[in-house]
Protein chains: 2
Amino acid sequence: MKYIEKLRNSGLRPTKQRLQICEVLFDTESTFHFTINQLEQRIKSKIDNKISLATIYNTVHAFEKKGYLKQIPINSNQTYFDTNVTDHHHFYDLKNEKLIDLENSDVGPINIKRKINGKKIKSIEVLVKLED
Amino acid sequence: MKYIEKLRNSGLRPTKQRLQICEVLFDTESTFHFTINQLEQRIKSKIDNKISLATIYNTVHAFEKKGYLKQIPINSNQTYFDTNVTDHHHFYDLKNEKLIDLENSDVGPINIKRKINGKKIKSIEVLVKLED
DNA sequence: TTGCTAGTTTATAATGGTTCTAAATAAGTG
DNA sequence: CACTTATTTAGAACCATTATAAACTAGCAA
Ligand SMILES: [Mn+2]
Ligand SMILES: [Mn+2]
Ligand SMILES: [Zn+2]
Ligand SMILES: [Zn+2]
């Protein structure tokens, strides 16, 4: 199991549930965006045992804290997460409520000229809303 | 009353409640960011009669639809609105949960090179998260 | 002025995503 | 194994937001 060490190194016990969630999240051809509900469905369809919704929330938040997942700032009634944790930006298709990755080369470098006293920049995120 | 015509021209009846909310939102030295709860408090402190929470929600959404308010894409348990409806970007101070306007000149032009078939860009929003 | 009608306000209930609780279970350690 | 601490879990609680449906009001025309 390739995720056992990853979890141990993060101080997270490699439980059956966490390992299964790892497989659903990270054993994929490409990264993807998801809500908790979508992840719950994906887990249901890929594994036989049940994982409680509370555990899914707990695990997603634990992984986010460890930097294995990112939250995407977007106005929605559900929180969106991203398995692509590199710095990148997004299209948001308003009609289909779908996020699409933008490469940094699609956006170009962003240089924030203004400084706020005593604060430093943690992240810069661009959201490009799309309509028909 | 300077807002009566503005509302009529938008197809919104200039009710007492809407006019009072207009005053709280737009009779200000500068634009500002707010959540519904913050707006509710501000209304309470500035007017004598009561405006129901449902009306505050209705009015904010009506004004948003007419373009008098903007929603700011940010991950929070509460939705943030902006009385500054020009195209502009934001700092988000994670510790104080405060938004700060960035002028376009602080960010520079953003040129999205990638196109999505059949879609056009509705808005481009940059969120710069700040930490200590 | 007086009705009429569609729009608006309101208290309150319902919704639903997320978090909390506390008991059961499992992992790590020696 | 014995022990401690972390994790899982079902279900309750939370709370921002939306829906409901009845009372009220603005606009308009007779
Ligand atoms: Mn979180
Ligand atoms: Mn809205
Ligand atoms: Zn992404
Ligand atoms: Zn702003």
Side-chain angles (χ1 to χ4, degrees), chain A residues 1 3-25 33-44 47-66 68-69 71-81 97, chain B residues 1 3-25 33-44 47-66 68-69 71-81 97:
Chain A
M1 294 292 192
Y3 297 113
I4 290 180
E5 202 174 358
K6 174 177 178 172
L7 290 172
R8 281 227 183 82
N9 291 341
S10 312
L12 298 173
R13 291 186 183 173
T15 63
K16 178 182 168 193
Q17 291 87 344
R18 283 181 178 155
L19 291 169
Q20 288 179 321
I21 294 174
C22 275
E23 283 170 24
V24 172
L25 288 176
H33 308 106
F34 65 92
T35 64
I36 295 287
N37 278 328
Q38 291 166 351
L39 179 59
E40 192 187 14
Q41 296 313 311
R42 215 180 262 236
I43 288 168
K44 267 205 195 106
I47 69 173
D48 287 331
N49 51 303
K50 192 200 174 202
I51 298 181
S52 78
L53 184 56
T55 295
I56 297 175
Y57 271 99
N58 289 342
T59 302
V60 165
H61 285 135
F63 287 3
E64 184 198 8
K65 193 169 284 177
K66 296 298 176 181
Y68 304 143
L69 291 174
Q71 225 179 302
I72 301 176
I74 193 173
N75 278 122
S76 166
N77 56 329
Q78 293 183 227
T79 306
Y80 274 84
F81 293 91
E97 298 184 337
Chain B
M1 295 291 192
Y3 296 114
I4 290 181
E5 201 174 357
K6 175 179 177 171
L7 289 172
R8 280 228 183 82
N9 292 341
S10 313
L12 298 172
R13 291 188 181 171
T15 63
K16 178 181 168 194
Q17 291 88 342
R18 284 180 178 155
L19 291 169
Q20 288 178 322
I21 293 174
C22 275
E23 283 171 25
V24 173
L25 288 176
H33 308 107
F34 65 92
T35 64
I36 295 287
N37 277 327
Q38 291 166 352
L39 179 59
E40 192 187 14
Q41 296 313 310
R42 215 178 263 238
I43 288 168
K44 268 205 194 107
I47 69 174
D48 286 332
N49 51 304
K50 192 200 173 201
I51 298 180
S52 78
L53 185 56
T55 295
I56 297 175
Y57 272 100
N58 289 342
T59 302
V60 165
H61 285 134
F63 287 2
E64 183 198 8
K65 193 169 284 177
K66 296 297 176 183
Y68 304 143
L69 291 173
Q71 224 179 301
I72 300 175
I74 193 173
N75 278 122
S76 167
N77 55 331
Q78 294 183 231
T79 305
Y80 274 84
F81 293 91
E97 298 184 338

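The sequence lines fix the lettering, A, B, ..., with proteins before strands; numbering per chain opens at 1.
Using a 4.0 Å cut-off, some side-chain N or O of B/K50 falls inside it from OP1 or OP2 of C/dA11. A close approach under 4.0 Å does occur between a side-chain nitrogen or oxygen of B/H61 and OP1 or OP2 of D/dT18. Put simply, A/R8 has a side-chain N or O that comes within less than 4.0 Å of OP1 or OP2 on C/dG28. Residue A/Q17 places no side-chain N or O under 4.0 Å from the OP1 or OP2 atom of C/dT25. A/Y57 has no side-chain polar atom (N or O) that falls below the 4.0 Å cut-off from OP1 or OP2 of C/dT19. Taking side-chain N and O atoms only, A/T35 has no distance below 4.0 Å to OP1 or OP2 of C/dG17. Remark: B/T55 is in phosphate contact with C/dT10, judged by side-chain N or O atoms under 4.0 Å from OP1 or OP2. The side chain of B/T79 contributes an N or O atom lying less than 4.0 Å from OP1 or OP2 of D/dT17.
Remark: P of D/dT18 and NZ of B/K65 are 11 Å apart, rounded to the nearest angstrom. We find that CD of B/Q38 is positioned 11 Å from P of D/dA16, with the value rounded to whole Å. C/dG17 atom P lies 16 Å from atom CZ of A/F34, rounded to whole Å. Look at CG on A/N58: it is 10 Å from P on C/dT19, rounded to the nearest Å. Rounded to an integer number of Å, the gap from A/K66 NZ to D/dA6 P is 12 Å. Between A/N75 atom CG and D/dT18 atom C1' there is a gap of 16 Å when expressed in whole angstrom units. Distance A/L53 CG to D/dA13 C1': 14 Å, rounded to the nearest Å. Atom-to-atom, CD of B/Q41 to P of D/dA16 comes out at 11 Å; the value is rounded to the nearest Å.
With D/dA10, C/dT9, C/dG17 as the choices, the nucleotide that has an atom nearest any side-chain atom of A/N77 turns out to be C/dG17. With distances taken from any side-chain atom of A/A54 to the nucleotides D/dA10, C/dG28, C/dT9, the minimum falls on D/dA10. Set against C/dG17, D/dT7, C/dT18, the side chain of A/N37 has C/dG17 as its closest nucleotide. Across D/dT7, D/dT17, C/dC20, the shortest atom-to-atom separation from the side chain of B/Q78 is found for D/dT17. Out of C/dG28, C/dT10, D/dT17, the shortest distance to the side chain of B/I51 is found at C/dT10.
Under the 30°/60° scheme for interplanar angles, the aromatic rings of A/F81 and A/H61 are found to stand perpendicular.
Between A/L12 and A/T59, every side-chain heavy-atom pair lies at or beyond the 4.5 Å cut-off. Side-chain contact between B/I21 and B/V60: absent, with no pair of heavy atoms (C-beta onward) separated by less than 4.5 Å.
Residues B/P14 and B/L7 share a closest heavy-atom pair of CA-CD1, 3.7 Å.
Here the CZ atom belonging to A/R42 is positioned 13.0 Å from the CG atom belonging to A/N37, to the nearest 0.5 angstrom. Interatomic distance, OG1 of B/T79 versus OH of B/Y57, reported as 7.0 Å (0.5 Å rounding). Expressed to the nearest 0.5 Å, how far CG of A/L69 lies from CG of A/L25 amounts to 5.5 Å.
With sequence neighbours left out, the side-chain contact (heavy atoms from CB on, under 4.5 Å) criterion links B/E97 to B/Y80, B/Y92.
With the nearest nucleotide of DNA chain D identified for both A/S52 and B/I36, A/S52 has the one nearer the 5' end. Nearest-nucleotide positions on DNA chain C place B/N49 closer to the 5' end than the other of B/N49 and A/R13.
Comparing the helix axis at one end of the helix from C/dT1-D/dA30 to C/dG30-D/dC1 with that at the other, each defined from 5 consecutive pairs, gives an inter-axis angle of 30° (nearest 10°).
In this model, no side-chain donor or acceptor of A/R18 finds a partner on the base of D/dT7 within 3.5 Å.
Sorted by first and then second residue, the side chain to side chain donor-acceptor pair (under 3.5 Å) pairs with a member in residues 9-20 of chain A read A/S10-A/Y68, A/Q20-A/N49; sequence neighbours excluded.
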